[in-house]
Protein chains: 2
Amino acid sequence: MKKYNIPVEASLEVIGGKWKVVILCHLIKSKRRTSELKRLMPGITQKMLTQQLRELEADGVINRIIYNQVPPKVEYELTEYGWSLKEPLDMLCAWGEQHIEKTYPDKSEVLLEGEEV
Amino acid sequence: MKKYNIPVEASLEVIGGKWKVVILCHLIKSKRRTSELKRLMPGITQKMLTQQLRELEADGVINRIIYNQVPPKVEYELTEYGWSLKEPLDMLCAWGEQHIEKTYPDKSEVLLEGEEV
DNA sequence: CGGAATCCTTAAAGATACTG
DNA sequence: CAGTATCTTTAAGGATTCCG
């Protein structure tokens, strides 16, 4: 018998991992292969990436697409069910953008994706 | 210089803790005192509760209201800024409800807040 | 009642090496 | 390129005790 003290716990079981929200946000923008995800998340290790991807797959929110070729090629994409997370995640991303602006009104104190020094 | 590879990382800094989303969802519904939060989250320890509350306070999303009386009374509520998290969190809660229904179509396999055996 | 402080246990995460 | 397997390290979290 599974027990939830509050329904949002069920959401956290799926997207609560340290990197899962980030991975899903990337996959909202585009289907990605493993090496691309690694490049987009410089802080993650190979091991963690694989682990989080497996769990997301097990929860039915992403698909793993294997191309039988050498060298290997694997792509990850949201499942139809995974796309139901788009709205919550988009709102969270938007909040993050606003939070950065609020926390660092001086843009010289923060570095965003793709920016260089 | 703070660095974000993707803006949603800023959101996770604030709500990424293990219990933070749950705490915030409770505070969306109502201002709560410490003992109430502990009752609402049977799995959390005193230490973790205090810790997560302190961090949320430091991030400016909740207020700590101290009543100078014996025995002590402390209440927590969302700050004005904290209320800006309502929309993302509400969507996440709604997703969790749907996810529970999808995962346990047989309602006898799941126990929700307030339900008894 | 709310919380600080302590000690202690593990589970998460990092590093490294190896394989198809 | 993508992934597995180990081993090590670290930090998160739990249990307990004491205090205003």
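All chains are named by letter (A, B, ...) in the order of the sequence lines, taking the proteins before the strands, and each is independently numbered beginning at 1.
Judged purely by distance below 3.5 Å, without hydrogens or angles, the side chains of A:Glu13 and A:Tyr4 pair a donor atom with an acceptor atom.
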Can you name the atoms? Protein N/O to nucleotides 15-20 of chain D N/O, anything below 3.5 Å, with the distance.
none

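Side-chain nitrogen and oxygen atoms of A:Arg33 include at least one within less than 4.0 Å of the OP1 or OP2 phosphate oxygen of D:dA2. Between A:Arg64 and D:dA2, a side-chain N or O to OP1/OP2 separation shorter than 4.0 Å is absent.
Within the 4.5 Å cutoff, no side-chain heavy atoms of B:Asn63 are placed close to those of B:Glu57. Contact annotation: the side chain of A:Pro72 never approaches that of A:Tyr67 to less than 4.5 Å [non-hydrogen atoms, C-beta and beyond]. Looking at B:Ile23 and B:Leu49, their side chains come closer than 4.5 Å, going by heavy atoms from C-beta outward.
Counting non-hydrogen atoms under 4.0 angstrom, A:Tyr76 reaches the backbone sugars and phosphates but no base.
The environment of B:Lys73 atom NZ is dense: over 12 non-hydrogen atoms of other residues, nucleotides or ligands sit within 6.0 angstrom. The number of heavy atoms from other shown groups lying within 6.0 Å of CD (A:Gln69) is above 12.
Nucleotide C:dG2 holds its P atom 9 Å from the CG atom of B:Leu37, rounded to whole Å. Rounded to whole angstrom, the span from the NZ atom of A:Lys38 across to the P atom of C:dA15 amounts to 13 Å. With rounding to whole Å, B:Gln51 atom CD is found 11 Å from D:dA11 atom C1'. Rounded to an integer number of Å, the gap from A:Leu49 CG to D:dC1 P is 14 Å. Protein atom CD1 of A:Ile44 is 12 Å distant from nucleotide atom P of D:dG3, rounded to whole Å. Between the CE atom of A:Met41 and the P atom of C:dA13 there is a distance of 13 Å, rounded to whole Å. Rounded to whole angstrom, the span from the CG atom of B:Asn68 across to the C1' atom of C:dG2 amounts to 13 Å. Remark: C1' of D:dC1 and CD1 of A:Ile65 are 16 Å apart, rounded to the nearest angstrom.
For A:Lys102 and B:Tyr81, the positive end sits near the middle of the six-membered ring, less than 6.0 Å away and at most 45° from its axis.
Residues forming a ring pair (Phe, Tyr, Trp, His ring centres under 6.0 Å) with B:Tyr104 (at least two apart in sequence, or on another chain): none.
Across B:Trp19 and B:Gly43, no two heavy atoms sit closer than the pair CH2-C, 3.6 Å.
Closest to the side chain of B:Ser35, from the set C:dA4, D:dG3, C:dG2, is C:dG2. In the set D:dG13, C:dG2, C:dG14, the nucleotide with an atom closest to the side chain of A:Met48 is C:dG14.
Recorded end-axis angle for the helix from C:dC1-D:dG20 to C:dG20-D:dC1 stands at 50°, based on five pairs per end and rounded to 10 degrees.
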